[in-house]
There are 2 protein chains.
Amino acid sequence: MNPIPSSRDSGSSLQARLKATCATCNLRELCVPGGVSPHDLDQLDTLVATRRRVRRGEALFRAGDGFDSLYAVRSGFFKTRLTSEDGRDQVTGFQMPGELLGLDGIATEVHSVDAVALQDSEVCTIPFTDLERISAAFSPLQRHFHKVMSREIVREHGVMLLLGTMRAEERLAAFLLNLSQRLRARGYSASEFVLRMTREEIGSFLGLKLETVSRAFSRFQEDGVLEVSNKNIRILDFQALRNLVGVDRGGGQ
Amino acid sequence: MNPIPSSRDSGSSLQARLKATCATCNLRELCVPGGVSPHDLDQLDTLVATRRRVRRGEALFRAGDGFDSLYAVRSGFFKTRLTSEDGRDQVTGFQMPGELLGLDGIATEVHSVDAVALQDSEVCTIPFTDLERISAAFSPLQRHFHKVMSREIVREHGVMLLLGTMRAEERLAAFLLNLSQRLRARGYSASEFVLRMTREEIGSFLGLKLETVSRAFSRFQEDGVLEVSNKNIRILDFQALRNLVGVDRGGGQ
DNA sequence: CGCGAGCTTGATGCCGATCAATGCATGTGG
DNA sequence: CCACATGCATTGATCGGCATCAAGCTCGCG
């Protein structure tokens, strides 16, 4: 009556322990769906030599840990959790057997979330450099591409934190700081810019109605944080915005 | 005073038009940061032969379109937008010059979002099969890995839609249906299962407080949609859950 | 058996949605 | 050049859903 036993193959545990391979893994269809040749599968097996047990409540990895491996859940159950600098928590996903953990780490080679076991669990460790080598993907261009994809995943974690934990003004502050930083990276002013999108589109991104976005702009203007004229924005007080978001306390712009 | 001119290099437009290359692109540091060899850069140039203009309001691609290329924004501004079956909209991001569009399409070879230009824009087209070939990544294993990453991006879009547009009971319904479907894919019952996480963790994932999660469970039970006993869940009325989420109207379980 | 973590349920308050009116910029046709 | 339409933004009034605060309750576990 327990639909998720912590170890699915405990019945044949001896054989499983001695020579479990990707080719014979009963999670294979989930973890490595069709189209992968037997040859590649063999190679994958040479990677996934090591297993690791993680006890309930323990972390497989933590935000800030260096990244070197991906992990496939073999048995058990995990959550991934993003914690912002001011202590807000957002669970970004739950992972069950056959699902992958650690993609967030590829971008910067440092993990950005905690992966915590919700019950005693076991994972297959997939060393990432080996994976790239075997995939015939050991090219700087390829690596770059992987990082871009991982960065997108990390970005979306940040949006989830915003949508899950922030109030209207905090969301708008985070949005403006993000925009400002990306414009600066492109050689434009970080403090003065033109919004290319409507209030309604900002609202749709931030999970708010356009009236709420408009009111937040007005309030920022009243408080001397922004100058707002239609789509023209000037940021007067970066620190006020940062305090709202709960990031980068103390750093002057 | 306009910090984001729609075309940055209109001053040297003749040369830019005739032989713009990745190697000379003024967005290169954003689009292809260091570590990529001159040789790879040349190869990249052979890919990115075609440009495409997209007028304000037009779509670069739409959800449902077949995927074959990624796009780098060269000038202008885009939004990506996910629309659920019952018409909810969630903007999943805004893209400015040097940023990439289309990663959502790798997973299933069909785009899952609309990419709409917020102003007259230009993109560089990067045919994906060519990219994989040049990256020395034309291996089934590698392709699979790319799809896994893309699938994660698409999943997170779904979570953003949930967090941005749904009310408490709708969120919980979506969560339960998702869990149910993943358990079924692993050979477990879709209608009867044990939650491995606490109400608080569910709440943190769904952007709700634990009391709200608990109340939603109670209400589902009152309405005969679920049987709830601590962490043991039995789904009695799938269609009721689907109706809340606004997905899959009419399909029987 | 008794403790404590996790859950349920109730009462109240607040934030943001909703509904509604007005303002303002842009564009179009007379 | 003005009259008018249209899309977008602002602001106010009211409402509702969820957070918050506060008890109790249940179950698993030492």
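A note on names: the letters A, B, ... follow the listed sequences, proteins ahead of strands, and every chain is numbered from 1. For clarity, every value in this text was computed on a predicted model and none was experimentally measured.
- When rounded to the nearest whole Å, the span between CD of Gln221(B) and P of dC7(C) equals 15 Å.
- Rounded to an integer number of Å, the gap from CD of Glu222(A) to P of dT10(D) is 12 Å.
- Between the side chain of Glu201(A) and the base of dC8(D), no donor-acceptor pair under 3.5 Å is found.
- The CD atom of Glu200(B) sits 12.5 Å away from atom OG of Ser214(B), with the distance rounded to the nearest 0.5 Å.
- No donor-acceptor contact under 3.5 angstrom links the side chains of Gln181(B) and Arg184(B), judged on distance only.
- When rounded to the nearest whole Å, the span between CE of Met166(B) and P of dC18(D) equals 13 Å.
- For the pair Leu210(A) CG and dG7(D) P, the interatomic distance rounds to 14 Å; values are reported in whole Å.
- Put simply, Ser214(A) has a side-chain N or O that comes within less than 4.0 Å of OP1 or OP2 on dT10(D).
- Between the CD atom of Glu200(A) and the C1' atom of dT18(C) there is a distance of 14 Å, given to the nearest Å.
- Candidate nucleotides dA17(C), dT8(C), dA19(D) were compared by shortest atom distance to the side chain of Leu208(A), and dA17(C) ranks first.
- In this structure, the nucleotide among dC7(C), dC15(C), dC8(D) sitting nearest to the side chain of Lys231(A) is dC8(D).
- The distance between atom CD of Glu211(B) and atom P of dT8(C), rounded to the nearest whole Å, is 11 Å.
- Remark: P of dG16(C) and CG of Leu162(A) are 12 Å apart, rounded to the nearest angstrom.
- Closest to the Ser218(A) side chain, of the nucleotides dT10(D), dC8(D), dC7(C), is dT10(D).
- Residue Asn230(B) has its side chain nearest to dC27(D) when only dC18(D), dC27(D), dC7(C) are considered.
- Ring pair Phe94(A)/Phe205(B): centre-to-centre distance below 6.0 Å.
- To the nearest angstrom, C1' of dT9(C) lies 14 Å from CZ of Arg199(B).
- Residue Lys209(A) places its side chain closer to dA17(C) than to any other of dC27(D), dA17(C), dG6(C).
- Along DNA chain C, the nucleotide nearest to Thr198(B) and the one nearest to Arg215(B) differ in position, and the one closer to the 5' end is contacted by Thr198(B).
- Under the 3.5 Å distance criterion, with hydrogens and angles disregarded, a donor-acceptor pair is assigned to the side chains of His111(B) and Asp104(B).
- Gly203(A) comes within contact range of no nucleotide atom at all, as no heavy-atom separation falls under 4.0 Å.
- Glu201(A) CD to Asp89(B) CG: the interatomic distance, rounded to the nearest 0.5 Å, is 10.0 Å.
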